[in-house]
A.B. asks: 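Got a structure here, written out as structure tokens. Questions coming.
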There are 2 protein chains.
Amino acid sequence: MTNPNPLPAPTLRDVAEAAGVHTATASRALNPKTRRQISAETARRVMRAAEALGYQPNSFARGLKTSRSSTVGLVIPDLTNPLFPPIVRGVESVLESDGYNVWIVNTDNDDNRERAKIESLRSRQVEGLIVATARLEHPLLQQLHEQGVTMVLINRQVENLRIPAVTGDDATGVAAAVRHLADLGHTRIAHLSGPLSTSTGHVRFQAFRHAVRDHGLPDDLIVECAHWSEADGATAMRDLMSRTTGCTAVVAGNDLIALGCYDVFAERGLSCPRDISVIGFNDMPFLDKLRPPLTTVAVPHHELGAEAARMLLDCIDEPDRPARSLLLPVSLVVRDSTAPPRR
Amino acid sequence: MTNPNPLPAPTLRDVAEAAGVHTATASRALNPKTRRQISAETARRVMRAAEALGYQPNSFARGLKTSRSSTVGLVIPDLTNPLFPPIVRGVESVLESDGYNVWIVNTDNDDNRERAKIESLRSRQVEGLIVATARLEHPLLQQLHEQGVTMVLINRQVENLRIPAVTGDDATGVAAAVRHLADLGHTRIAHLSGPLSTSTGHVRFQAFRHAVRDHGLPDDLIVECAHWSEADGATAMRDLMSRTTGCTAVVAGNDLIALGCYDVFAERGLSCPRDISVIGFNDMPFLDKLRPPLTTVAVPHHELGAEAARMLLDCIDEPDRPARSLLLPVSLVVRDSTAPPRR
DNA sequence: TTGTATGCGTTATCAG
DNA sequence: CTGATAACGCATACAA
């Protein structure tokens, strides 16, 4: 059954010989863009031969010759964060219909891994990068930008750099979350922010402070999480509860941080939303099936990815295009983790 | 700030000139495996020049010359299924420490996409494939296998083909699930199977039938889901409820199908586990936070990925190695979606 | 319409 | 230890 001695893959030369033409002719026949230069009959013969041999063009040779890779790199901090797979899909849906392939790399939130992966991507001649790992201060991205690497940021931005970016309208989302809680009657609302080293953490933090002030509420019930994770959300929540009292609602930096709050509620026998309300951010999958279903701010993940991909294509086609920033609208999704405060 | 005219990437030639040596010497100096052929002094000079220029070897040229890509393809049906990201991480953790890069592709459960993506991977000279999309009948995989493509299956297998595979011990897992329900006193236990065209669907289906028979229970309360999805799980559950009565417990083919059951319970005002118990399969993330927390069979995702990667490395190193099948142990995780039947 | 010749950037073989 | 040279497979400018 199994072929124990796999033959070397057929080359263009093999195809040409089988079709009785020269490699140049075979090359033209196989490439849709040059096929019309040769007779239909010859083209058919070549294509048949290629089919019969199971010919696959060697993309190393092609890439070396054309210095094009038809490949784009997608840099993700952590694929196990449910936020990212839909973004990946959005990116792929656009890029693939345009003939590009997407190479996904996971940095695991580690600078060294990020550097290594991006180097690897560059050595593979990717034609552009979509980067979801930006921090406000990001020497590596700054360096790449200065080197003229074609790049679009997604979800997060770098400070003071004119790099094209697609993000959600976080400020509006946070304002909507705070308004929802204020309307329910909450007066002591806390924020468990994401890392302030990221633009999303920073923007949501600022938006939170502005929003609570606008409602005449205290703006100092804030704890920063070390990472965008459930564990760090729980740590921050414990911290908050040990240092303040009477807080009846929490705006979490994202859904994972909100899940960390759930863990602490379970530990301490608190009932959500009866004892305390929580709002997440992102609307990652399955939140509607949580106990309780989590109120959150929905970000259009797929669109985020798709728009970033479109923007990258634009940048590839038109390298001198000025950088734009696209802000996609978000929406509050009210579920059962928010209710009026107990009185 | 931004470089408007990005220079062409420096080549080995540029490095060699800067260091005042021949390209061959530069090549040897930069490659750790040949560096000892070169005087320490020259090597240092070359490495410094490379560093200064920001030299990145062109992997097309290298791949063309060496016909090695240091790349492995990972074929995933659907990255948004939370089962897969941990598997990806497991694969990466092993392969990367061995100097390989992993190219992840998403087939979206579509044959044509799968074929196109795998063709693309092969044209990029991947040294092996880890495939998570197998069906029992799978002409494409069979063809690849016959062509001698180095390949390891993960999670699912192909029928009658000796392809190396790493999977969870599904049969034991299903038996444990049924035993748990029987011990609770359930006598009418249903199974919402995954697609029987997949080995996982088939094996779990068979194991379910054997298990209920072993307990002297009816073995005909079975509905097959069209896909491993929440929506198809819900459809199957509605189907089951319309055609049978008195069933007090469900063994779902996987966690997503179990989530579909939750949707139907919500529709019909059924309380889980009071009115009906459910068990999932896989123990995907966040199940402990569901309403109710889902009892399930935990599969070691990360290990699955890591073991498949190790097996692939073995296959690459030793092509004539006979195919083995590795069955990783699973364990029942009892949460709150299972309880004694109402009486 | 087809064939010829060349070179992409790298590594391997062979001399020196 | 280092340099010269060839070759990997393909696409393209040029010639016919």
Side-chain angles (χ1 to χ4, degrees), chain A residues 7-47 49-50 53-71 99 120 122-127, chain B residues 7-47 49-50 53-71 99 120 122-127:
Chain A
L7 281 66
T11 70
L12 189 57
R13 215 177 131 149
D14 299 321
V15 175
E17 277 176 14
V21 295
H22 270 250
T23 59
T25 308
S27 171
R28 288 188 275 249
L30 261 17
N31 185 335
K33 309 197 72 164
T34 49
R35 189 172 300 152
R36 57 202 200 80
Q37 298 175 18
I38 70 180
S39 77
E41 164 54 22
T42 309
R44 226 184 12 254
R45 223 169 52 242
V46 172
M47 292 169 71
L53 293 174
Y55 170 73
Q56 292 283 10
N58 180 322
S59 61
F60 287 156
R62 175 179 288 174
L64 183 57
K65 181 67 191 167
T66 62
S67 62
R68 292 204 49 213
S69 62
S70 299
T71 301
S120 161
R122 296 199 65 198
S123 80
R124 292 181 149 84
Q125 318 295 118
V126 294
E127 296 180 31
Chain B
L7 282 66
T11 70
L12 189 58
R13 213 176 133 152
D14 299 321
V15 174
E17 276 177 15
V21 295
H22 195 267
T23 58
T25 307
S27 172
R28 286 187 278 248
L30 260 18
N31 184 335
K33 310 197 71 163
T34 49
R35 189 171 300 153
R36 54 200 203 80
Q37 300 174 18
I38 298 285
S39 79
E41 164 54 21
T42 308
R44 224 183 16 252
R45 221 168 56 240
V46 171
M47 292 170 70
L53 293 174
Y55 170 72
Q56 292 283 9
N58 180 322
S59 60
F60 286 156
R62 175 179 289 172
L64 182 57
K65 182 63 191 171
T66 62
S67 62
R68 292 203 51 212
S69 62
S70 300
T71 301
S120 162
R122 295 199 65 198
S123 81
R124 291 182 149 82
Q125 319 294 118
V126 293
E127 296 180 31

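If you're wondering where the values come from, they're calculated on a predicted model, not measured in any experiment. We name chains A, B, ... by the order of the sequence lines, and we start the count at 1 in each one.
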A.B. asks: Report the distance from atom OG of Ser59(A) to atom CG of Leu64(B), rounding to the nearest 0.5 Å.
C.D. replies: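 Here the rounded value is 10.0 Å.
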
A.B. asks: Output the distance between atom CD (Gln125(A)) and atom OG (Ser70(A)), rounded to the nearest 0.5 Å.
C.D. replies: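 That separation rounds to 12.5 Å.
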
A.B. asks: Would you tabulate the pairs of protein nitrogen or oxygen atoms and nucleotide nitrogen or oxygen atoms of nucleotides 2-6 of chain C closer than 3.5 angstrom?
C.D. replies:
from	atom 1	to	atom 2	distance (Å)
dT2(C)	OP1	Ser39(A)	OG	3.3
dT2(C)	OP1	Thr42(A)	OG1	2.5
dT2(C)	OP2	Ser39(A)	N	2.9
dG3(C)	OP2	His22(A)	N	3.2
dG3(C)	OP2	Thr25(A)	OG1	2.4
dG3(C)	N7	Arg28(A)	NH2	2.7
dG3(C)	O6	Arg28(A)	NH1	3.0
dG3(C)	O6	Arg28(A)	NH2	3.0
dT4(C)	OP2	His22(A)	ND1	2.9
dT4(C)	OP2	His22(A)	NE2	2.9

A.B. asks: Can you run down the salt bridge (Lys or Arg N to Asp or Glu O under 4.0 Å) pairs that involve residues 53-65 of chain A, sequence neighbours left out, and say none if there aren't any?
C.D. replies: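 Passing the test, one end in residues 53-65 of chain A: no pairs.
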
A.B. asks: Who are the side-chain contact (heavy atoms from CB on, under 4.5 Å) partners of Thr71(A), not counting sequence neighbours?
C.D. replies: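 Thr71(A) satisfies side-chain contact (heavy atoms from CB on, under 4.5 Å) with Ser69(A), Asn101(A), Trp103(A), Val126(A), Trp103(B), Arg124(B) only.
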
A.B. asks: Just call it for Leu12(B): base, sugar-phosphate, or nothing, with non-hydrogen atoms closer than 4.0 Å on any strand.
C.D. replies: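 Since a base atom lies under 4.0 Å of Leu12(B), the category is base.
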
A.B. asks: Of the non-hydrogen atoms in Ala16(B) and Ala26(B), which two are nearest, and what is the gap between them?
C.D. replies: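 Shortest heavy-atom contact: CB-CB, 3.9 Å.
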
A.B. asks: Applying side-chain contact (heavy atoms from CB on, under 4.5 Å), can you list everything that pairs with Arg45(B), at least two apart in sequence or on another chain?
C.D. replies: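 With neighbours one apart ignored, the set is Val21(B), Glu41(B), Thr42(B).
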
A.B. asks: In whole angstroms, how far is the C1' atom of dT1(C) from the CZ atom of Arg36(A)?
C.D. replies: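 From Arg36(A) CZ to dT1(C) C1': 13 Å.
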
A.B. asks: Applying side-chain hydrogen bond (donor to acceptor under 3.5 Å, both in side chains), name anything that partners Glu127(A), two or more places apart in sequence or on another chain.
C.D. replies: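 For Glu127(A) the side-chain hydrogen bond (donor to acceptor under 3.5 Å, both in side chains) partners, ignoring immediate neighbours, are Arg68(A), Tyr100(A).
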
A.B. asks: Using atom CD of Gln56(B) as one end and atom C1' of dT10(C) as the other, report the distance to the nearest whole Å.
C.D. replies: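 Going from Gln56(B) (CD) to dT10(C) (C1'), I get 15 Å.
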
A.B. asks: Atom CZ of Phe60(A) to atom P of dT10(C): distance rounded to whole Å?
C.D. replies: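 From Phe60(A) CZ to dT10(C) P: 14 Å.
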
A.B. asks: Could you give the CZ-to-P distance, from Arg62(B) to dC8(C), as a whole number of Å?
C.D. replies: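 After rounding, the reported distance stands at 18 Å.
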
A.B. asks: Over the length of the helix from dT1(C)-dA16(D) to dG16(C)-dC1(D), how much do the five-pair end axes diverge, rounded to 10 degrees?
C.D. replies: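 Here the local axes at opposite ends form an angle of 40°.
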
A.B. asks: When you compare the side chain of Asn58(B) with that of Thr11(B), does any pair of heavy atoms fall below 4.5 Å?
C.D. replies: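 They are not in side-chain contact.
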
A.B. asks: Taking the side chain as every heavy atom from C-beta outward, state whether Leu12(A) and Leu30(A) have any atom pair closer than 4.5 Å.
C.D. replies: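 Answer yes - side chains close enough.
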
A.B. asks: Return each pair, listed once, that meets salt bridge (Lys or Arg N to Asp or Glu O under 4.0 Å) where at least one residue sits in residues 8-24 of chain B; pairs must be two or more places apart or across chains.
C.D. replies: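 Sorted pair list: Arg13(B)-Glu17(B).
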
A.B. asks: Describe the nucleic acid contact of Thr11(B) in one word from base, sugar-phosphate, nothing, applying a heavy-atom distance below 4.0 Å.
C.D. replies: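 Sugar-phosphate contact only.
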
A.B. asks: For chain B and DNA chain D, what are the first and last nucleotides along the strand, 5' to 3', with at least one atom under 4.0 angstrom from a heavy atom of the protein chain?
C.D. replies: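 First-to-last contact on DNA chain D, by the 4.0 Å heavy-atom rule, is dC1(D) to dG9(D).
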
A.B. asks: Restricting to pairs with a member in residues 21-35 of chain B, which pass side chain to side chain donor-acceptor pair (under 3.5 Å), not counting sequence neighbours?
C.D. replies: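 Side chain to side chain donor-acceptor pair (under 3.5 Å) check on residues 21-35 of chain B returns no pairs.
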
